[in-house]
Visitor: 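Pasting in a structure now, in structure tokens, and then I'll have a few things to ask.
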Amino acid sequence: MLPKQKYFTKSDQSNFQLVEVLVDCPGLEKPYTYGVPVNLLIKPGDIVNVPFKARVIGGIVLNYVDSFPHNIDYKKIKYVNDVITTSVFSEKYWKMLNQVAQYYHTDLVNVIKAALPPRLLGKSQRRIRLVTKIVNQEDGDLPDSSIKILNLLQKEKSKSYSVKYLQNKIKDYYKGIKVLKNRNWIEDYLEMPKNSQVKQQKLVIQLKNNNSSNLTVKQLAVLEALQLNNGSMPLSELLTWSQVSCSVVQALEKKKYLYTEYREKLRLSKQKVEKIRLAKTLTTNQSKALNVINSLQKYAEVLLHGVTGSGKTEVYMQAISTLLDKGKSALVLVPEISLTPQLMDSFQGRFGVLVSVYHSNLSDGERYDTWRQMLIEKPQIVIGTRSAVFAPLPNLGLIILDEEHDSSFKQTQIAPTYHARKVAKMRGILENCPIILGSATPSLESWVSVHYSKLPSSNSYYLSLPERVNLRPLPSIEIIDMRNELKQGNKSIFSRSLQKSLNDLKKQQHQAILFIGRRGHSTFVSCRSCGHVIKCPNCDVSLVYHYDSNSHGVLKCHYCNSSRTQPIKCPECKSPYFKFFGNGTQKVTEALNKEFPELSFLRFDSDTTRYKDSYRSLLNKFSQGKVDVLVGTQMLTKGLDVEKVTLVGVISADGLLYLSDYYASERAFQTLIQVSGRAGRGKEPGQVIIQTYVPENTVIQTVKEHNYESFVHKELIRRKELNLPPYGHLILIQLSSLNAMEVEKTAEIFYDFLAKNISLDCEILGPAPANITKLEKRYRWQILLKFKSHLQTTTSEIKAWYKICPSSVKLKIDIDPIYIS
DNA sequence: AGCACGCCGACT
DNA sequence: GTCGGCGTGCTC
Ligand SMILES: [Zn+2]
Ligand SMILES: [Zn+2]
């Protein structure tokens, strides 16, 4: 191999090749110029590692250039280190990436990072390692910190640690390192970015050589095996096939009978090829919808509003089927995938190997491989969560967002803070293909967009599936005023009506879902005598209790992931008695045990679904009818389709209604309709009982009537009055710092700046402390901007915002935020 | 971001 | 006088 040159030299000048690389470094928009080493083949679009100051980072090659950038000394030009992978994005795809960057006010690299499989753009790491194996520690006066570092390094198998880790762990890090360096006991080095998702394997390729006289039996066996495999095969396979060790292959390589090289290895997804299930017969409404969809030839926005159980999936699948025949590909976006395994199964059952799946539960390697498959020009179907909206399908013909109202389609923390629906629309327009938004409870945004669209009417469609398939009725919904229950002397958490239905459950051999209207599913711990709640030392949130068979239990922070064991005594008052209060699933199961001992149940919360796949197995157990009742919170609402469920009981809906969030009502309505929709999907009609202390609440009333439109009209009036989306537009500015005073001060300066500079039709709300005032040791403040009509901030304005903040204050901008208080 | 360089206070 | 703290500006 050629030695890697770092810088340009005189001799390079005559015959150089230069590329512009967009490096993965925030705040830098212009590309950097690099030399192409003679032994590397580089194409625009390649993902590469490049040296950048004193480190190596990832980047993407934009184009070749034929002159050095002016005002730069050519001697400063460095060479590309290596190529990670090649990928050619179409012009439309690049346009889309740029549009996303512009709309969400972030750098193009950040969008590219979101679009690529995770961690493909890497960075080097500075590390410290032991030089000598035996260190004479007795030797003289080593400072404490040096001894600590030595001990750590010696304990570690690799005899090395990252600088960052040691800096955090050792208090006099700098001094300790210096002493050790002076004695030449340690050295620092740069560990190159490891792109482990790109699996390389050694490939053996046969060379033409007819002289087989002086070969051994084993060598002949190797050549024979190669011949049988058309002259090339992976080394590992070759060795097992011909039963030899690699030295035999090396000998043959020396004699020029073959050569070896590294090639990328794709892990083919192991699809179980089941028998392909046939299309179902459609209802009249379904085929009407399908006909409209099939007639679409260009960009169009379709809202498919189908009640729960109306067979939206079947419409999607038949639309995709026609699309595939035309040689085009389809993209299907779903909420967090594990919650909708049934949708996945139907697609794979219908289309078999044409379906690939892309979501965050896959390993980096699997995601990378799937992503590579997408680049192939063949009709295919990609099903995935939010980030799959960037699937680089070359011949995209249709984008579907199933359960389009779901909040997991919005990225909230990391830039770009994109909504998959927004990106899907951009792609649809650029690729000139329709997008379908499917839901039983469409987001107000989509409802307004389709009904009061600025598009010519031929480009937006409202398709309704108002009835369930097989003429099954929607479940009846009964609202129970829990104040009356108490008045009548019923102290149970189950109303008399729910008690009666639970009583009948066993003899009818039906199943039930009991739903607790709470966000999240966490158990907190408080002291029984002083009420002290144990909080995270880094964040202003309560720690969450996790059962642990080895100890008393573990308290974890759901935000920064720090943990501690459950204390024996209250740290405040030393009382040994604690109270566990949580989402209420425990209370419900206790009541079930007491009042309905004949019913078996499953609890569905963080304790029971902690392990990977455990919740899928819980759901399987339930859908196979092995238990009577499933008890849980939010996670129960999506895509659960069990025929024998005839009863859904909402123990308390009120936790959903009173949240200090602008969007709380919309989400409460969606949640209640979705959970109600789990009832009566089989032959038996369903029944829903919703318990509340505020039966007169609009959400409760409209849910009772299954009246989506009525809810929407009432909620839209409120949104219009308050200038909230879908009429107004919001930008959330989040400021954070390790120093509490500093953020507050910056927030005020920020406000003053905005008040002076921002356009008139923008209302500035705040500054105010964020909902979680402290997160990962950082104190947080926020400012909300409310625009009367369209977002009017320009990229140059946003750049000025970053300049306001001192370096110790971090600024995050969330465009169209969905959680706001 | 993250790394190097540079300028200033307190400790030899 | 030097060590080591942090502020500032550059990275092909
Ligand atoms: Zn206490
Ligand atoms: Zn925390």
Side-chain angles (χ1 to χ4, degrees), chain A residues 4-9 12-13 16-37 40 42 44 46 48-82 106-110 112-113 119 121-128 141 143-146 162-168 170-182 188-193 413-415 736-739 742 746 776 778 799 802-813:
Chain A
K4 262 182 198 160
Q5 288 169 280
K6 201 176 170 195
Y7 288 102
F8 253 70
T9 61
D12 293 327
Q13 276 190 78
F16 62 86
Q17 285 202 298
L18 296 172
V19 284
E20 287 194 315
V21 178
L22 191 63
V23 292
D24 176 21
C25 184
L28 297 178
E29 287 194 59
K30 66 173 179 54
Y32 282 70
T33 311
Y34 287 89
V36 179
L40 273 190
I42 294 183
D46 284 2
V48 290
N49 282 333
V50 291
F52 197 65
K53 201 149 187 180
R55 68 209 148 116
V56 173
I57 58 177
I60 184 164
V61 177
L62 298 180
N63 49 271
Y64 273 86
V65 284
D66 38 35
S67 62
F68 293 107
H70 33 270
N71 67 44
I72 279 249
D73 182 1
Y74 76 87
K75 284 181 195 132
K76 278 189 169 178
I77 304 281
K78 292 174 180 168
Y79 283 96
V80 171
N81 264 23
D82 49 5
T106 186
D107 303 321
L108 180 61
V109 243
N110 283 334
I112 291 172
K113 245 202 289 198
R119 284 166 285 278
L121 295 176
K123 49 184 70 163
S124 59
Q125 200 182 43
R126 276 166 67 214
R127 296 180 70 85
I128 302 283
D141 24 59
D144 259 15
S145 48
S146 295
S162 78
V163 168
K164 261 195 185 158
Y165 176 85
L166 291 173
Q167 274 172 340
N168 283 329
I170 311 289
K171 69 166 178 300
D172 250 335
Y173 166 83
Y174 196 86
K175 195 178 201 169
I177 286 293
K178 189 141 195 196
V179 173
L180 294 172
K181 251 189 211 169
N182 283 339
D188 51 282
Y189 66 105
L190 208 60
E191 189 187 68
M192 288 301 124
Q413 283 302 311
I414 306 153
S736 71
S737 166
L738 295 167
N739 182 323
E742 202 170 17
T746 310
E776 289 178 321
R778 306 182 74 90
K799 282 220 179 95
Y802 280 97
K803 284 190 193 131
I804 298 170
C805 299
S807 57
S808 56
V809 177
K810 256 194 214 167
L811 166 64
K812 269 187 201 167
I813 297 164

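It should be emphasised that the depicted structure is a prediction, and the values quoted were computed from it without experimental measurement. Residue numbering restarts at 1 for every chain, and letters A, B, ... go by the order of the sequence lines.
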Visitor: Could you tell me the separation between the CG atom of Leu121(A) and the P atom of dA1(B), rounded to a whole number of Å?
Guide: 16 Å
Visitor: Between Asp24(A) and Lys123(A), is there a salt bridge with N-O shorter than 4.0 Å?
Guide: no
Visitor: To the nearest Å, how far apart are Arg127(A) CZ and dC3(B) C1'?
Guide: 18 Å
Visitor: Kindly state whether the pair Phe52(A) / dT11(C) counts as stacked, where counting means centroids closer than 5.5 Å and planes tilted less than 30° apart.
Guide: yes
Visitor: Categorize Lys164(A) for me: base, sugar-phosphate, or nothing, with a 4.0 angstrom heavy-atom threshold over every strand shown.
Guide: sugar-phosphate
Visitor: For the side chain of Cys25(A), starting at C-beta, report the closest nucleotide among dT11(C), dG4(C), dA1(B).
Guide: dA1(B)
Visitor: Send over the distance from Ile177(A) CD1 to dG5(C) C1', rounded to a whole Å.
Guide: 18 Å
Visitor: Identify whether any heavy atom of Ile77(A) sits under 4.0 Å from a base atom; if not, whether one sits that close to sugar-phosphate; answer base, sugar-phosphate or nothing.
Guide: sugar-phosphate
Visitor: For Glu20(A) and dT11(C), what is the distance between atoms CD and P respectively, to the nearest whole Å?
Guide: 16 Å
Visitor: Rounded to whole angstroms, how far apart are NZ on Lys76(A) and P on dA4(B)?
Guide: 15 Å
Visitor: Would you call the rings of Phe68(A) and Tyr74(A) parallel, tilted or perpendicular, taking 30° and 60° as the class edges?
Guide: tilted
Visitor: Look at all strands and tell whether Leu28(A) reaches a base, only sugar-phosphate, or nothing, counting heavy atoms closer than 4.0 Å.
Guide: base
Visitor: Of all the choices, dA1(B), dC12(C), dG4(C), which nucleotide is nearest to the side chain of Arg55(A) once you look at every atom?
Guide: dA1(B)
Visitor: Does Tyr34(A) make a side-chain N or O approach to OP1 or OP2 of dC12(C) shorter than 4.0 Å?
Guide: yes
Visitor: Quick one: Lys123(A) NZ to dC3(B) C1', roughly how many Å, whole number?
Guide: 13 Å
Visitor: Provide, to the nearest angstrom, the distance between the NZ atom belonging to Lys175(A) and the P atom belonging to dC3(C).
Guide: 11 Å
Visitor: Val36(A) pairs by side chain to side chain contact (heavy atoms under 4.5 Å, CB included) with which of Val61(A), Ile42(A), Val48(A)?
Guide: Ile42(A)
Visitor: How many Å lie between NZ on Lys178(A) and C1' on dG5(C), as a whole number?
Guide: 13 Å
Visitor: Has Lys30(A) got its NZ or CZ under 6.0 Å from the middle of the six-membered ring of Tyr32(A), at an angle within 45 degrees of the ring axis?
Guide: yes
Visitor: What nucleic acid atoms does Pro31(A) come within less than 4.0 Å of, heavy atoms only: base, sugar-phosphate, or nothing?
Guide: nothing
Visitor: Got a salt bridge between Asp188(A) and Lys181(A), using NZ or NE/NH1/NH2 to carboxylate O under 4.0 Å?
Guide: yes
Visitor: Looking at the base of dC3(B), is there any donor atom on it, or on the side chain of Lys53(A), that sits under 3.5 Å from an acceptor on the other one?
Guide: yes
Visitor: Does dC3(B) have OP1 or OP2 sitting under 4.0 Å from an N or O in the side chain of Arg126(A)?
Guide: yes
